[in-house]
Protein chains: 2
Amino acid sequence: MSTLENRILQITPLPEDVKKTFLGKWEKWAMPKDQFLVKENETANYIYYIEKGIARIFYYKNGKEITEWIAMDNSFFLSIISFFERTPSRLQIHTIEPSVVYGIHYDNLMNLCNEEHCIERWLRKALTGSLILSQYRMDSIQFESAQQRYEKLLENNPSIIQRVPLSYIASFLGITQETLSRIRSNL
Amino acid sequence: MSTLENRILQITPLPEDVKKTFLGKWEKWAMPKDQFLVKENETANYIYYIEKGIARIFYYKNGKEITEWIAMDNSFFLSIISFFERTPSRLQIHTIEPSVVYGIHYDNLMNLCNEEHCIERWLRKALTGSLILSQYRMDSIQFESAQQRYEKLLENNPSIIQRVPLSYIASFLGITQETLSRIRSNL
DNA sequence: CGCCGAGTTGAACTGAATCAAGAAACGTGG
DNA sequence: CCACGTTTCTTGATTCAGTTCAACTCGGCG
């Protein structure tokens, strides 16, 4: 069983035939480092799953690059607003390591959602999970200190420091690189 | 056509018969001021819709009350994590004006989702909308100044200042009451 | 060897929090 | 309709976490 299949069924079980159809719609790409999956102002057409490697989701705010998410470890990711609203993406997504990425196209996913109630349910549950995650993250950004956020990240994802440049991590945590550097020297 | 019906169909159209069944599952309550819809540590059983009045969603963080959301103007609201994960709610919800509120019970909603694909789709689309909102709010909290956030709130919802105590608005904006007071005197 | 990007360190600055005290508005009972 | 206490809001002084800007260090590599 592939890790993608595993991860999909973790969200909700699917009958054998539907599962097969669903999995068949996911395309697979092996990508070098620094490849773009979504570029600015293009409409995002895929929900992605990263099997190996790291992808970074970022955007520009007042001329500065903001890292919104770092995807690794068999997780899903996408440019949410662009994908669902079919509008040009403010977010960009690129690999920062050679990566193995799967993706399902918007049209395929929506067709499956219409044909198969259980795929609609799968998507609903996946979105519920994202929304819950989003709530936790909001609370963390608003009320935890930079140090607390860094410590939490270390706990949940110790390998990230070895593999992702400090400037990206700082931006993801919502602080400057200098502040992150100071936090690290105080531990 | 009721405002609830209106708002439901705004998310996605529904066939006449399903719409009727769905609407039939929404209970209606007229509530006085300061009534609790969800109490701490109870599992939240309803998705609510407020037709008239104001509800406030809040929780305690380090002994302080945090206003997470203020619902008015024909909008939906709920304790997301408790409702979907069926766990005790950290959030509390209470009315801060006499209000007319509708609610659909978790069991009813889930049964309908299973029976009717289009209700599942409705829920999926509603969640997508929430997730998008949540993304915008995260960006706003992280990168906009207190003043910008206040000005935006005024634009989107001018009546809120007349109807909601300043301390709640401040907390909702993620600032202290003193800071909000100073912002207002500088305009 | 010297350059270059990544990370560190320092000093000054700033937006907002905190603590503390007043002022204004509000509603309840006499 | 006024007086009083309570809640809501404002103002001031101080403090603090984190930013900004600038200079410096370190490790790798052409």
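So you know, we letter chains A, B, ... as the sequences are listed, proteins then strands, and number each from 1.
For the side-chain hydrogen bond (donor to acceptor under 3.5 Å, both in side chains) condition, the pairs that include at least one residue of residues 153-174 of chain B, sequence neighbours left out, are B/Glu97-B/Arg163. Contacts classified as salt bridge (Lys or Arg N to Asp or Glu O under 4.0 Å) and involving residues 110-126 of chain B (residues at least two apart or in different chains) are given here: A/Glu120-B/Arg121, A/Glu120-B/Arg124, A/Arg121-B/Glu120, A/Arg124-B/Glu120.
When rounded to the nearest whole Å, the span between CD of A/Gln162 and C1' of C/dG7 equals 15 Å. Atoms CD1 (B/Ile141) and P (C/dA16) sit 13 Å apart, rounded to a whole Å. Counting to the nearest Å, the C1' atom of C/dT8 and the CD1 atom of A/Ile161 are 17 Å from each other. When the P atom of C/dG27 is taken as reference, atom NZ of B/Lys33 falls 8 Å away, rounded to whole Å. A straight line from CD of B/Gln142 to P of C/dA16 spans 14 Å, rounded to a whole angstrom. As rounded to whole Å, 18 Å separates atom P of D/dT8 from atom CZ of B/Arg163. Remark: P of C/dG15 and CD of B/Gln148 are 12 Å apart, rounded to the nearest angstrom.
With hydrogens and angles ignored, the 3.5 Å screen pairs no side-chain donor or acceptor of A/His94 with any backbone N or O of A/Phe58. A donor-acceptor pair under 3.5 Å links the side-chain atoms of B/Gln148 to the main chain of B/Ser145, judged by distance alone.
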Check nucleotides 21-26 of chain C for protein N or O atoms closer than 3.5 Å to its own N or O atoms and list the pairs.
none

Footprint string (nucleotides 11-30 of chain D, 5' to 3'): B base within contact, S backbone only, - free, heavy atoms under 4.0 Å
BBB----SBBBB--------

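With salt bridges taken as basic N to acidic carboxylate O contacts below 4.0 Å, one links A/Glu65 and A/Arg56.
In terms of the side-chain hydrogen bond (donor to acceptor under 3.5 Å, both in side chains) criterion, residue partners of B/Glu144 (sequence neighbours excluded) are, by chain and number, B/Ser140, B/Lys152. Scanning for side-chain contact (heavy atoms from CB on, under 4.5 Å) contacts around B/Pro15 gives B/Asp17, B/Val18, B/Cys118, with sequence neighbours left out.
The neighbour count for B/Lys25 NZ, taken as heavy atoms of other residues, nucleotides or ligands under 6.0 Å away, does not exceed 12. Around atom NZ of B/Lys61, more than 12 heavy atoms belonging to other residues, nucleotides or ligands sit under 6.0 Å away.
Contact between the side-chain N/O atoms of B/Arg184 and the OP1/OP2 oxygens of D/dC9 is not found at any separation under 4.0 Å.
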